[in-house]
Peer 1: 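First the structure, which I've put down as structure tokens, then a few questions once you've had a look.
Just so it is clear, the values below take in all heavy atoms, side chains as well, and ignore hydrogens, waters and symmetry mates. Every chain is numbered from 1 and lettered A, B, ... according to where its sequence line falls, protein lines coming before strand lines.
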There are 2 protein chains.
Amino acid sequence: MRLDSLLPILHWGREYNRETFTSDAIAALIITMMLIPQSLAYALLAGLPPQLGLYASMLPLLLYALVGSSGALSVGPFAISSIMTATALSVAFPESRPEDYLIGAAVLALSSGMMLLMFGVLRLGFLSNFLSFPVITGFISASAIVIAASQLGNLSGLELSGSNLLALLTNLGQGLHGINTPTLALGASAVLGLHVLPNVLKKLATLLRFSRFWADTLSKCSPILMMGLSVLAVVRFDLQQQVAVVGTIPQGLPLLHLPDISGLNWSAERWQSLLGSAALISLIGYVSALSVAQSFAAKRRQRINPNQEAIGLGLANLASGVSGAFPLSASMSRSAVSFNAGAQTPAAGAFTALAVGISTLFMTPFLYYVPIASLAAIILVAVMSLVDIAAIKRVWSYNRSDFAALALTALLTLVQGVELGLISGVVLSITLYLYRSSNPNVAVIGKMPGTEHFRNRLRHKVELNDKIIGVRVDANLYFANARFLEDQVNSLVAQYPDAHHMVLQCSSISDIDTSALESLRSVDRQLRDADMQFHLSEVKGPVMDQLSRSDFIATMSGKVFISHYLAWKTLK
Amino acid sequence: MRLDSLLPILHWGREYNRETFTSDAIAALIITMMLIPQSLAYALLAGLPPQLGLYASMLPLLLYALVGSSGALSVGPFAISSIMTATALSVAFPESRPEDYLIGAAVLALSSGMMLLMFGVLRLGFLSNFLSFPVITGFISASAIVIAASQLGNLSGLELSGSNLLALLTNLGQGLHGINTPTLALGASAVLGLHVLPNVLKKLATLLRFSRFWADTLSKCSPILMMGLSVLAVVRFDLQQQVAVVGTIPQGLPLLHLPDISGLNWSAERWQSLLGSAALISLIGYVSALSVAQSFAAKRRQRINPNQEAIGLGLANLASGVSGAFPLSASMSRSAVSFNAGAQTPAAGAFTALAVGISTLFMTPFLYYVPIASLAAIILVAVMSLVDIAAIKRVWSYNRSDFAALALTALLTLVQGVELGLISGVVLSITLYLYRSSNPNVAVIGKMPGTEHFRNRLRHKVELNDKIIGVRVDANLYFANARFLEDQVNSLVAQYPDAHHMVLQCSSISDIDTSALESLRSVDRQLRDADMQFHLSEVKGPVMDQLSRSDFIATMSGKVFISHYLAWKTLK
């Protein structure tokens with residue numbers, strides 16, 4: 001571990017020049033335009049005051065720039081992390097007092113940060129492998145739908161609570177009469193605007209003979225433009241009494257501090273619930289950030305170090321915690337924009353942090369009038385792109401067992417909430433994998449006439465010998481199929497009463513764990529009891545090394561043969 | 001599914017004759033001699049009145065004889081199931097009222113029975129594969145130690161409670177002054193007797209010129225002989241006031257009934273706790289019974305159907321529940337004796353049930369005086385054979401990661417109790433397996449000069465080509481290593497900046513799940529972005545079938561080659 005692998009800034013910082021700076025700075029400006037409305041919105045989504053979104057977009061980005069390795073990743077508030085935070089807080093603090101939520105959110109950010117840091121330092125990145133593609137797809141798509149539903153209240157001025165689709169829709173149905181017309185009007189026009197503005201701006205820019213880059217850039221500013229128009233509407237028609245607005249945002253930068261947890265009753269259950277949630281939040285945040293970072297890095301033939309990314313995201317979350325904010329990750333949509341805008345190094349993130357900082361110092365009077373409904377519209381439009389219908393279709397047509405994991409994850413996420421959905425999906429996909437590998441293909445093999453080659457007797461016309469049972473197992477032998485092997489051998493011994501030898505062809509076996517070794521021992525013992533010998537053929541080098549650490553080869557009833565043909569020839 | 005596979009009795013019953021009857025009857029007699037003291041003892045171990053042990057040894061054995069397929073298996077109370085029952089009851093009924101325990105035990109037996117039945121009917125036997133050999137070894141050895149420690153109280157007349165070693169030893173240390181001398185004397189001589197009697201009886205029988213079979217048989221009667229001697233001692237020295245004895249056992253057979261659960265407050269937590277325990281109890285009971293049954297069946301070249309065994313044990317447990325008794329399985333030690341005594345068919349179990357029934361009708365006055373300390377001695381001696389030091393050593397020397405799972409299971413079983421130990425072991429062994437398979441061997445391969453064979457460039461002197469990267473992955477591709485593959489490809493692309501082609505040799509890949517397919521897609525996209533083509537070589541038939549269910553082959557940037565050599569030749 002060299003220092004410049006721990007601090008990638010030492011690597012790219014050395015080659016930093018005016019050109020890279022220009023690219024990064026322009027990308028930072030564009031991202032800031034997207035990030036300011038998104039950060040306010042995602043703070044609200046997490047059930048927290050909007051300024052926390054800005055706080056989560058300063059120091060964390062600076063720290064990530066020091067240790068992170070991806071130039072394109074737009075670290076900061078992320079919709080899925082925010083809804084998971086909201087769920088976690090509502091479970092851990094059923095009394096729902098806003099001051100508890102503030103402390104809880106910072107505790108969640110700090111714990112997620114610590115966990116990610118531990119992930120990176122102890123090289124536990126592999127834990128994210130527990131999240132299979134179908135589970136992530138089902139989870140993110142369903143979460144996006146839950147998030148969208150949760151914003152219907154803000155869009156229409158209704159009080160809406162609940163952490164799953166059922167509760168949200170029930171509440172919505174019961175409250176329909178309380179719709180606030182000006183809010184709904186603002187919200188609906190914001191949704192419309194977010195769909196229409198990008199194209200309008202692009203066409204306008206083309207008419208004004210802007211270059212294609214600037215036309216694209218302009219269209220990315222539609223959220224902040226829409227926000228500006230909403231503020232104008234509020235001010236012009238004096239709507240701030242009828243429509244919920246962001247309100248007073250404390251001017252200035254966040255004070256760095258650890259959350260004061262002394263005022264609360266911290267039961268073991270509350271800790272358990274918060275830490276469990278922090279683990280899930282950091283895992284999902286890590287996996288989605290990593291896949292985004294990897295796909296962009298490959299486009300530039302760069303390399304992402306997964307453990308280093310965990311450290312970067314970990315420090316960013318710790319920084320979010322001491323800024324009094326909430327867990328964050330990287331937003332997929334912002335990262336794509338950042339990459340296309342030409343962000344070259346993590347410095348782009350640092351510049352974004354500076355721009356957000358300056359805005360926080362001077363823009364708060366303007367933010368006062370931003371309608372909550374406009375922020376809800378931004379969330380709604382952003383998350384709908386996370387529903388990945390094409391991927392769901394692909395999983396359906398490719399593999400039904402994977403689709404089952406996807407469907408369960410999505411269903412439980414929709415009706416029970418994000419945490420239970422995710423956990424059930426992980427458990428089911430591991431169970432299904434163990435199930436599949438616990439029933440590997442086992443073939444009785446015979447000699448292909450005229451060759452030294454042995455194939456499945458059911459698929460090929462082969463020579464068999466009454467005295468010798470040749471068996472091939474197409475799997476590594478480990479605990480999930482060890483007993484299956486014993487069972488198969490039992491059944492074969494009963495089927496071939498005249499056999500004296502059983503030869504196991506090991507060509508597709510790369511690993512034999514202790515459970516499988518015990519099964520081999522037991523197979524050997526059982527064959528011996530039945531007056532038979534047990535042989536192995538075509539054992540690979542590393543597996544032979546493994547076996548030689550036990551006395552199995554020395555004590556087994558038969559021998560190890562270099563090739564199955566040699567075994568056949570010798571034993572016949 | 002034919003009727004005679006559902007009811008094996010139709011199969012073996014047809015060939016039943018005088019000879020088989022004699023073998024079965026003799027074995028049944030010997031087993032009854034062992035079972036009566038063991039069943040009383042294991043009922044006490046479960047925290048229940050001793051007669052329940054007898055009740056668990058009648059109807060369940062009859063039902064197993066109808067549907068079970070193993071002749072040697074001695075179904076009935078089992079030490080490990082009993083201690084797990086004790087733990088489950090103490091958790092679910094913290095008030096520890098004996099009448100609640102009675103109901104709880106029957107509920108546990110009924111739920112275990114239902115679960116096992118479901119296992120068998122839905123062919124879920126594979127679920128038992130979750131229990132790897134190291135986890136079972138660690139669990140059973142540690143449970144045996146906990147059981148032995150729990151009997152130190154009964155052996156010495158101390159009140160001893162606690163469901164783990166720490167609690168038991170602490171209690172023992174605090175209570176030492178309360179030792180009851182006559183109890184300790186009876187207990188210690190019982191332990192001594194159980195060790196010495198078998199040899200004494202055998203030598204005596206040889207002196208009396210008994211045949212070897214009858215000498216062996218006589219030595220198996222030492223527990224009941226020891227019990228008889230203890231009863232004589234109690235009666236002769238009038239010890240029943242100073243020494244705890246079994247006491248009044250209701251005469252007659254158990255009334256069949258469902259437990260009356262109406263009198264209790266059945267909270268959701270209590271159900272959850274009981275059903276969770278029932279799942280673990282049935283899983284452990286099933287796995288140990290199955291491995292015993294399989295090893296004996298193989299000796300006679302018979303076959304055990306795992307799903308049928310689940311049905312048999314399930315019905316036995318249901319019968320135990322309606323007899324008002326507790327969860328049962330098969331005892332390893334009794335089964336070995338039964339096999340050696342010549343039990344041929346499940347009828348041996350039915351005869352045992354009859355013998356136990358007759359004893360229950362007529363022997364209860366004698367059982368009144370059986371000292372609890374003698375039963376404790378029987379448990380102590382029986383369970384010590386379950387501590388499998390040799391297996392623990394084998395795991396240690398063969399595979400350290402498996403040993404870690406064993407050690408964690410054993411440690412947590414000792415210090416935290418049986419349930420937590422078992423669950424943690426299962427979780428750890430699955431995690432370790434996924435960890436191992438998430439880092440498969442990946443080799444850059446080159447052409448062995450003068451051949452068409454490709455090998456690892458690090459192990460062999462091979463020809464490489466700057467334009468082509470050849471890669472071999474020694475594992476099935478699935479979610480646990482999908483991201484690893486992407487990461488490796490990323491790294492290779494950065495390492496070989498001049499390459500135009502990457503060829504993945506698929507000879508050791510037998511399965512590609514959806515997550516891996518997505519990774520392949522993403523690898524293909526990333527290589528395309530880097531102006532490279534992605535090819536596959538030596539794809540096995542079933543994997544090709546799988547892939548053809550998606551559009552991957554059709555849309556990938558490169559081609560599929562029959563052999564790696566052909567790919568090399570074409571692309572060069």
Side-chain angles (χ1 to χ4, degrees), chain A residues 126 128-134 290 294-295 297-299 301-304 306 391 394-395 397-399 402 429-430 433-439 441 474-476 478-484 486-487 490-491 493-494 497 508 510-511 513-515 517-518 522 525-526 529-530 542 546 549-550, chain B residues 126 128-134 290 294-295 297-299 301-304 306 391 394-395 397-399 402 429-430 433-439 441 474-476 478-484 486-487 490-491 493-494 497 508 510-511 513-515 517-518 522 525-526 529-530 542 546 549-550:
Chain A
F126 80 93
S128 61
N129 292 330
F130 282 80
L131 295 174
S132 66
F133 176 80
L290 191 63
Q294 279 181 333
S295 71
K299 291 197 187 187
R301 288 211 174 199
Q302 288 164 346
R303 169 105 202 274
I304 292 293
R394 281 207 305 277
V395 174
S397 64
Y398 185 66
N399 189 326
D402 279 351
S429 59
I430 293 176
Y433 175 71
L434 292 182
Y435 174 65
R436 286 202 307 269
S437 68
S438 71
N439 286 292
N441 182 31
D474 287 349
N476 293 339
Y478 78 112
F479 62 84
N481 55 30
R483 217 163 284 127
F484 172 82
E486 272 186 80
D487 189 41
N490 262 307
S491 138
V493 170
S508 1
S510 308
D511 186 25
D513 81 350
T514 313
S515 307
L517 180 69
E518 286 303 315
S522 145
R525 209 164 33 234
Q526 291 171 13
D529 287 337
Q546 231 179 355
R549 252 175 287 143
S550 81
Chain B
F126 80 94
S128 62
N129 291 331
F130 280 81
L131 295 174
S132 68
F133 176 80
L290 190 64
Q294 278 181 333
S295 71
K299 291 195 188 189
R301 289 211 174 198
Q302 290 164 345
R303 169 106 203 274
I304 292 294
R394 280 206 305 276
V395 174
S397 64
Y398 184 65
N399 188 326
D402 279 351
S429 59
I430 294 176
Y433 174 70
L434 292 182
Y435 174 65
R436 286 202 308 268
S437 67
S438 71
N439 285 291
N441 183 32
D474 286 350
N476 293 339
Y478 77 112
F479 63 84
N481 56 30
R483 220 164 280 127
F484 172 82
E486 272 186 81
D487 189 41
N490 262 306
S491 140
V493 170
S508 2
S510 309
D511 187 24
D513 80 352
T514 313
S515 307
L517 181 68
E518 287 302 315
S522 145
R525 208 161 37 231
Q526 291 170 14
D529 287 337
Q546 230 178 355
R549 251 175 287 144
S550 80

Peer 1: State, to 0.1 Å, how close Asn399(A) and Thr514(B) come at their nearest heavy-atom pair, and which atoms those are.
Peer 2: CB-OG1, 3.5 Å

Peer 1: For Ser510(A) and Asp474(B), which heavy atoms make the closest approach, and how far apart are they?
Peer 2: OG-O, 4.3 Å

Peer 1: Identify which part of Asn441(A) has an atom lying under 4.5 Å from any heavy atom of chain B, answering side chain, backbone, both or neither.
Peer 2: neither

Peer 1: Using heavy-atom distances under 4.5 Å, tell me whether Ile430(B) contacts chain A through its side chain, its backbone, both, or neither.
Peer 2: both

Peer 1: Taking salt bridge (charged side-chain N to carboxylate O under 4.0 Å, His left out) as the definition, give me every residue that meets it alongside Glu486(A), ordered by chain and number, with sequence neighbours left out.
Peer 2: none

Peer 1: Quick one: does Ser550(B)'s side chain get under 4.5 Å of Ser397(A)'s, heavy atoms only?
Peer 2: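 Contact flag for Ser550(B)/Ser397(A) side chains = no.
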
Peer 1: If the condition is side chain to side chain donor-acceptor pair (under 3.5 Å), which residues does Tyr478(B) pass it with, not counting sequence neighbours?
Peer 2: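 For Tyr478(B), the residues satisfying side chain to side chain donor-acceptor pair (under 3.5 Å) (neighbours in sequence not counted) are Ser437(B).
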
Peer 1: Please state whether the side chain, the backbone, both or neither of Leu517(A) comes within less than 4.5 Å of a heavy atom of chain B.
Peer 2: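 Answer is side chain: those atoms of Leu517(A) sit under 4.5 Å from chain B.
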
Peer 1: If we define contacts as heavy-atom pairs under 4.5 Å, which of Phe479(A), Tyr398(A), Tyr435(A), Phe484(A) has the most with chain B?
Peer 2: Tyr398(A)

Peer 1: Using a cut-off of under 4.5 Å on heavy-atom pairs, state which of Ala480(A), Ser522(A), Ala482(A), Ala475(A) scores highest against chain B.
Peer 2: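 Of Ala480(A), Ser522(A), Ala482(A), Ala475(A), Ala480(A) has the most heavy-atom pairs under 4.5 Å with chain B.
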
